[in-house]
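Worksheet: one structure, shown below.
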Amino acid sequence: MAEHTQTASLTRAQRLDRLPFTRPHRRLLGGSGIGWALDAMDVGLISFVIAALGVEWGLSDGQRSWIVSAGFVGMAIGASVGGLLADRIGRRQVFALTLLVYGLATGASALATGLVALIVLRFVVGLGLGAELPVASTLVSEYAPKSIRGRVVVILEAFWAVGWIAAALIGYFVVPGENGWRWAFVIGMVPAFYALYVRLHLPESVRFLERKGRVEEAEAAVRTYEEAAGIEPVPSPGVVEESAPPRWRTLWAPRFRRRTAALWVVWFGVNFAYYGAFIWLPSLLVAQGFSLVKSFEYTLIITLAQLPGYALAAFLIEKWGRRATLAAFLAGSAVAALLFGQATTVPAIIAAGMALSAFNLGAWGALYAVSPEVYPTALRGTGSGSAAAFGRLASIIAPLAVPWLVGRGGSSVAFLAFGIAFVIAMVGALFLPELKGAALEEE
């Protein structure tokens with residue numbers, strides 16, 4: 001009787017938290033992960049495309065930087081607005097819309113005949129890309145059982161490696177051919193078609209549905225997961241009162257001020273170092289005297305190291321906790337960046353590059369795991385999106401800064417700057433709350 005009384009008062013969120021990881025979880029993770037991989041593929045493709053366009057169109061480093069940075073301007077706006085919309089109209093709706101936007105814009109990029117047109121289209125692509133990532137991680141985080149929530153989100157982030165490897169393969173086999181960069185963009189249209197699957201098959205967030213008064217839909221979603229686990233449903237409160245619409249300024253209220261500042265510092269540092277290094281990597285290798293095909297080959301090998309980086313982060317995040325895992329991977333990233341900047345031989349370049357790839361992407365996994373956790377349900381999409389948007393400012397600056405840094409002292413100076421950015425991000429991570437095993441906040 002006591003046990004029945006205890007379970008009778010469970011909220012729907014608590015009912016989800018008590019479940020094991022089952023087939024519906026795998027379907028949500030896989031469905032969201034494919035969208036994540038397609039996002040990574042698009043971001044990765046541009047690093048190979050600008051290397052090819054530098055040869056075909058005779059573009060300067062500055063012109064190529066603007067192609068990249070235009071996309072990141074769009075991503076900054078998209079992340080901020082997308083997170084806010086996710087809290088207002090739903091996670092799944094925004095997820096599907098973003099896939100459609102950047103898929104169509106990527107396909108249209110294949111028809112670009114000049115620099116200005118390509119820059120404009122990359123901005124539109126960025127709007128979709130920027131909005132998708134924080135929304136997808138929020139949706140998965142809100143369904144994952146609390147005991148393994150961090151691990152599940154890191155695995156979601158690991159799909160980024162799949163997409164980047166796909167981009168590297170397209171870069172290696174497709175981009176060097178005649179009009180290869182155009183065909184690469186045509187392949188990048190796939191997300192537009194995948195958006196229909198997302199809209200029809202992925203569930204909406206139970207927490208969001210409850211706050212919008214859609215209790216029957218929320219109850220049906222929870223029961224689907226309970227049935228898959230073979231667990232009897234228990235009564236839950238009928239209606240959850242909808243809170244006031246989310247506002248950006250709430251992120252800086254006394255309750256959230258410290259976590260918002262710490263999260264934004266981490267996002268800024270990681271974005272600057274990651275996009276500065278990896279977007280320019282093929283071009284930097286070409287500048288060191290390697291052929292276009294050889295630079296793409298080395299980039300592909302370095303990219304493969306992302307997978308063990310994610311795997312280790314997924315294991316450690318539920319052992320060490322979010323804060324320790326994130327800080328440790330950022331410290332490893334800083335050391336690897338310094339080593340890469342000093343590497344002169346092919347084995348040293350590949351070894352340091354693989355270490356940088358593994359540590360950096362493991363840090364990304366931990367960052368995406370912690371970001372949705374630090375805010376309550378009504379503010380979760382807005383908070384995650386705003387942190388991502390602030391980080392995108394660094395990703396705008398980084399591609400523009402790399403030619404200047406390289407001009408001042410070569411790759412070693414550029415990677416010294418990336419190492420410093422990783423250290424700053426590591427310090428920010430130490431001020432984040434530790435939420436391993438904790439339920440997501442509702443209020």
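None of these values were measured; they are calculated from a predicted model.
Here the options are V124, D39, L127, L97, the test is side chain to side chain contact (heavy atoms under 4.5 Å, CB included), and the partner is Y102; only D39 passes. Residue Y375 is tested with T250, T260, T382 for a side-chain hydrogen bond (donor to acceptor under 3.5 Å, both in side chains); the sole match is T260. Applying side chain to side chain contact (heavy atoms under 4.5 Å, CB included) to R149 and the options L440, V154, V140, I317 leaves one that passes, L440.
At least one donor-acceptor pair closer than 3.5 Å links the side chain of R182 to the backbone N or O of A112.
Heavy atoms only, all atoms of each residue included: V265 and I424 are closest at CG1-O, 3.7 Å. Annotation for V125 and A105: closest pair CG2-CB, 3.4 Å, computed over non-hydrogen atoms. Nearest heavy atoms, E318 versus R151: OE2-N, 3.1 Å. For P134 against A388, the heavy-atom pair with the smallest separation is CG-CB, 4.4 Å. Closest heavy-atom contact between L356 and A277: CD2-CB, 4.4 Å. Scanning all heavy atoms of the two residues, the minimum distance from A389 to A79 falls at N-CB, 3.6 Å.
The number of heavy atoms from other shown groups lying within 6.0 Å of OH (Y197) is above 12. By the 6.0 Å contact criterion, CH2 on W66 is open, its count of non-hydrogen atoms from other residues, nucleotides or ligands being 12 or less. Within a 6.0 Å sphere centred on OH of Y225, other residues, nucleotides and ligands contribute more than 12 heavy atoms. Atom CZ of R27 has more than 12 neighbouring heavy atoms from other residues, nucleotides or ligands inside a 6.0 Å radius.
You'll find the ring centres of F340 and F415 inside the 6.0 Å limit. Y368 has its ring centre less than 6.0 Å from the ring centre of W36. Here the two rings, on F390 and W267, have centers that are 6.0 Å apart or farther.
Between I119 atom CD1 and S109 atom OG the span is 11.5 Å, to the nearest 0.5 Å.
Using a 4.5 Å heavy-atom threshold, the side chains of V43 and F278 count as separate. Residues T11 and R15 are not in side-chain contact: their nearest non-hydrogen atoms beyond the backbone lie 4.5 Å or more apart.
For the residue pair T377/R380, the side-chain donor-acceptor check at 3.5 Å is satisfied. In this model, no donor atom of one side chain and acceptor atom of the other lie less than 3.5 Å apart for W160 and Q306.
W181 and F185 have perpendicular rings, their planes meeting at more than 60° on a 0 to 90° scale where under 30° would count as parallel.
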